[in-house]
2 protein chains.
Amino acid sequence: MKRIERLSVYRRFLQEIAGSEPGSVYSHELAEKTGVTPAQVRRDLMEIGFAGHTKKGYRSAELVAAIGNYLDSPEGDPVALVGLGNLGRALLPFFAGHHPKLKITAAFDTDPLKTGRVICGCRCYPFDQLEEVIAEENIRVAILTVPAAAAQKAAGRLAAAGVRGILNFAPALIRLPKAVTVETMDITIALEKIAFFARRSGDES
Amino acid sequence: MKRIERLSVYRRFLQEIAGSEPGSVYSHELAEKTGVTPAQVRRDLMEIGFAGHTKKGYRSAELVAAIGNYLDSPEGDPVALVGLGNLGRALLPFFAGHHPKLKITAAFDTDPLKTGRVICGCRCYPFDQLEEVIAEENIRVAILTVPAAAAQKAAGRLAAAGVRGILNFAPALIRLPKAVTVETMDITIALEKIAFFARRSGDES
DNA sequence: GTATTGCTGTGATCGGTTTCACAATTCGCG
DNA sequence: CGCGAATTGTGAAACCGATCACAGCAATAC
């Protein structure tokens, strides 16, 4: 659902301005800074049961807490990174320490040259130990950055090992039981789409 | 529009199986392999004006051509990559030679250590030369992988230089005239969303 | 105290996508 | 040739998210 993404965005903005503001925000401010309409902000906050105050807006600190309470697992979630190619290795520093609730705690690869070490505070295991480590660390969320040809198989093993959500960067269709959430970020397709619209909009060459 | 993405996906599948199949596909095959419904495939192809044959499906080679004709600019599009951090550098080999129509032909960074060389066949320029190079190479599409704080400014310069479509990886809201298409791929937010659904679906711990 | 302002909460509405469902068509087979 | 099976093309309906528009209310001004 799109609302979840917007809540994340609201939270990020609120955290950015934390301290430097009067302690409350109006729906129209949040909307403006976040690229949506004020009505949508109000509707979103209504849906998570967070009430503002007429004429005073929403108390920022409490709103951040409410969003966190709604979105996050209280203890935080350990995340597995599967595939240490260029993209996988780039993602490690992206998350290293940056997120209070989501931490990449285990990485996997088939290449023995890459396993055994610790990169950005994350231990790298051989692919074989996937089930074992995921069970041990109680991992429920994974990022998949393996080649397309290996994606479905890896995803299947992840799901079987107990993973319930996968962020897939491989340009491949992943088919899993509906109990597992899969979101594919296909960079090539996104770029093709953008090139398409770029060509259409106000073509003035 | 979502249809554009699906067309890309259809095409990819068709190219994967090119040769190894009887020369035509049914809507239900395409649907099955691509994760959508047969009706949607038919509707999508109808919308781009591609007709199939009753009982024989769609001629694959012609369909690939029709999709290409609809999606791609005939000569292909040069793409700029702005920001050579971890993610930017990971993206270069991703596209290097892999796509017939989209090629990253210029990269930019402020760090003089990174500029001046050629990585994966792509020349790296200092950030100052952005306008110049974009005009010279007639670049209309860009990938933005700079830190969030620099994103809006860089996007503004790109747009002013003539770029009409931006794939933004920075976790920041980009505000540009509507003639410029901006698509933000926010990895952190995608992961937060997945963690949210992972926690909800069939919570059996 | 009363009027005015301006913000929240939300029922109603709108617009775009997806899905349904079926007529039209073609092929294979007897 | 004509029947049955299978597939396309598409109008109509259903669905879903976003937007509108306004009632209700709290703060402030006078």
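First the proteins, then the strands, lettered A, B, ... as listed; each starts at 1.
- Across every non-hydrogen atom of A:Leu91 and A:Ile104, the tightest pair is O-CD1, 4.4 Å.
- Between the OH atom of A:Tyr26 and the C1' atom of C:dG6 there is a distance of 9 Å, rounded to whole Å.
- Nearest to the side chain of A:Thr37, among D:dT19, D:dT8, C:dT19, sits D:dT19.
- Side-chain nitrogen and oxygen atoms of B:His53 include none within less than 4.0 Å of the OP1 or OP2 phosphate oxygen of D:dT7.
- Annotation: cation-pi geometry satisfied between A:Arg200 and B:Tyr70 (NZ/CZ under 6.0 angstrom from ring centroid, within 45° of ring axis).
- The ring of B:Phe108 has its center no closer than 6.0 angstrom to the ring center of B:Phe127.
- Rounded to whole angstrom, the span from the CZ atom of B:Arg59 across to the P atom of D:dT8 amounts to 15 Å.
- For A:Gln40, the side-chain atoms get nearest to D:dT19 when compared with the rest of D:dT19, C:dC7, C:dA21.
- Look at CZ on B:Arg42: it is 10 Å from C1' on C:dA21, rounded to the nearest Å.
- Within 4.0 Å (heavy atoms only), A:Arg3 reaches no atom of the nucleic acid at all.
- For A:Thr34 and A:Glu32, the side-chain atoms include no donor-acceptor pair closer than 3.5 Å.
- The distance from atom CD of A:Glu29 to atom P of C:dG6 is 15 Å, rounded to the nearest whole Å.
- For B:Glu5 and C:dT18, the CD to C1' distance is 15 Å, given to the nearest whole Å.
- Among the nucleotides D:dG9, D:dT7, C:dT10, the one closest to any side-chain atom of A:Met46 is C:dT10.
- Nearest-nucleotide positions on DNA chain D place B:Ser27 closer to the 5' end than the other of A:Ala39 and B:Ser27.
- Considering only side-chain atoms of A:Lys55, the nucleotide from D:dC20, D:dC22, C:dG6 that sits closest is C:dG6.
- Per the geometry, CD belonging to B:Glu47 stands 15 Å off C1' belonging to D:dT8, to the nearest Å.
- Atom CG of B:Asp44 is separated from atom P of D:dT8 by 14 Å (rounded to the nearest Å).
- Of all nucleotides listed (D:dG9, D:dA26, C:dT26), C:dT26 comes nearest to the side chain of B:Thr54.
- Look at NZ on B:Lys2: it is 14 Å from C1' on C:dT19, rounded to the nearest Å.
- Scanning atom types as modelled, one donor and one acceptor separated by under 3.5 angstrom connect the side chain of B:Arg43 and the base of C:dT19.
- Taking the side chain of A:Met1 as heavy atoms from C-beta on, and the options C:dG9, C:dC27, D:dG17, the nearest nucleotide is D:dG17.
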- Query: Could you walk me through whether A:Glu183 and A:Thr181 pass the side-chain hydrogen bond (donor to acceptor under 3.5 Å, both in side chains) check?
  - Reply: CA-CA 7 Å; A:Glu183 167 128 351; A:Thr181 306; over 6 Å; no
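- Side-chain nitrogen and oxygen atoms of A:Lys56 include at least one within less than 4.0 Å of the OP1 or OP2 phosphate oxygen of D:dA27.
- When distances run from any side-chain atom of A:Arg6 to the nucleotides D:dT8, D:dA18, C:dT18, the shortest one goes to D:dA18.
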